[in-house]
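Structure record follows, encoded as structure tokens.
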Amino acid sequence: MSITIIFFLGLLAAIIAVTPPGLLNMTAARISLKEGAGRGIMFSTGVCIVVFIQTYLAAIFARYLTNHQDIVEILKRVAFVIFVLITIYFFVLASKQKEAKPEAEITSKHGRLLHGMLLSALNVFPIPFQAYMVITLVSFGWMDFEKLSIVTYVTGAATGTFVVLYFYIFFFDKIKDRAFTSQQNMNYIIGSVTGIVALITFINILKAL
């Protein structure tokens with residue numbers, strides 16, 4: 001299979017995974033609205049660095065992860081706790097937004113890069129998702145476990161993630177004067193998204209019991 005096709009398969013898989021409103025893309029939009037597109041892009045770059053690593057690990061250990069569901073279940077439980085805490089944080093932050101006390105800002109672009117890497121590292125969902133995608137593509141004969149195929153697919157996934165995050169930054173920049181893009185409403189939106197993700201994760205955990 002052509003590496004060009006493998007690249008676009010990785011790109012498409014990432015676009016499908018990242019396009020629905022989530023913690024990373026909404027945070028990228030929020031940072032862009034508050035601090036400018038440059039900071040949002042730095043945050044997105046940090047996210048994509050970790051996505052590259054996560055997808056590479058998922059591809060390398062794809063068979064292992066799919067044959068050991070206990071590990072996936074542990075990741076789900078960890079993710080549930082993390083998203084509950086993040087949800088609480090953003091709702092508390094939004095409830096205090098009317099007060100004069102501003103949110104602590106990260107003034108360095110490198111700080112936003114590290115912020116993106118940290119937040120992306122907390123999001124463990126790409127690992128089982130990409131492991132499943134790789135196994136599926138291999139079973140169809142569209143890629144294999146050779147190093148070139150894996151690196152090409154991973155590069156496509158990281159690129160697709162950046163494309164979606166950039167779209168969110170661009171889109172929210174165009175509608176930044178709308179009322180729902182205020183910092184308070186953005187925090188409520190992010191908190192609602194992470195709350196929904198936490199609920200879905202909790203339901204999946206209960207189904208697996």
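In this text, all values refer to a predicted model and were calculated from it rather than measured experimentally. Hydrogens, waters and symmetry mates play no part in the numbers below; they use all other heavy atoms, side chains included.
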>> side chain to side chain contact (heavy atoms under 4.5 Å, CB included) for Val51 and Val47? Distances and angles first, verdict last.
In response: CA-CA 6 Å; Val51 166; Val47 169; 4.0 Å; yes
> Do side-chain atoms of Glu35 reach the backbone of Arg30 as a donor and acceptor pair under 3.5 angstrom?
Replying inline: no
>> Same cluster or not: Leu122 versus Val18, using hydrophobic residues (I, L, V, M, F, W, Y) connected whenever any side-chain heavy atoms lie under 4.5 Å apart?
In response: yes
>> Working to the nearest 0.5 angstrom, can you tell me the gap between Leu165 CG and Phe170 CZ?
In response: 15.5 Å
>> Determine whether Ile31 and His115 satisfy the following criterion, side chain to side chain contact (heavy atoms under 4.5 Å, CB included), listing intermediate values before the conclusion.
In response: CA-CA 11 Å; Ile31 290 172; His115 181 201; 3.9 Å; yes
> Do the side chain of Ser32 and the main chain of Ala28 share a donor and acceptor less than 3.5 angstrom apart?
Replying inline: no
> How long is the gap from CG on Leu113 to CD1 on Ile41, to the nearest 0.5 Å?
Replying inline: 12.5 Å
> Shared ILVMFWY cluster between Phe171 and Leu33, side chains joined below 4.5 angstrom?
Replying inline: yes
> If you look at every heavy atom in Leu23 and Leu119, which pair is closest and at what distance?
Replying inline: CD2-CG, 3.9 Å
> Is there any side chain to side chain donor-acceptor pair (under 3.5 Å) pair reaching into residues 156-172, and which pairs are they, with sequence neighbours excluded?
Replying inline: none
> With a cut-off of 6.0 Å (strictly less than), are more than 12 heavy atoms of other residues, nucleotides or ligands near CZ of Phe8?
Replying inline: no
>> If the test is side-chain contact (heavy atoms from CB on, under 4.5 Å), which one of Val154, Ile150, Leu148, Thr155 qualifies with Thr152?
In response: Leu148
>> Nearest 0.5 Å, please: how far is OH in Tyr153 from CG in Leu137?
In response: 5.5 Å
> Are Leu57 and Gln130 close enough that some pair of their side-chain heavy atoms sits under 4.5 Å apart?
Replying inline: no
> What heavy-atom pair brings Ala13 and Met133 nearest, and what distance separates the two atoms?
Replying inline: CB-CE, 3.9 Å
>> Testing the basics here: between Ala158 and Cys48, what is the closest heavy-atom pair and its distance to 0.1 Å?
In response: O-SG, 3.5 Å
> Is any side-chain heavy atom of Met143 closer than 4.5 Å to a side-chain heavy atom of Leu9?
Replying inline: no
>> On a heavy-atom basis, which atom in Arg112 and which in Arg39 lie closest, and how many Å separate them?
In response: CB-O, 3.9 Å
> Does some side-chain heavy atom of Thr45 sit less than 4.5 Å from a side-chain heavy atom of Phe162?
Replying inline: yes
>> Is any side-chain heavy atom of Val134 closer than 4.5 Å to one of Thr55?
In response: no
> Same cluster for Phe145 and Trp142 if Ile/Leu/Val/Met/Phe/Trp/Tyr side chains link at under 4.5 Å?
Replying inline: yes
> Taking all non-hydrogen atoms of both residues, which atom of Gly160 and which atom of Ile15 are closest, and how far apart?
Replying inline: O-CG1, 3.9 Å
> Would a distance-only check, ignoring hydrogens and angles, find a side-chain to backbone donor-acceptor pair under 3.5 Å from Asp144 to Ser149?
Replying inline: no
> Quick one: does Ile169's side chain get under 4.5 Å of Phe43's, heavy atoms only?
Replying inline: no
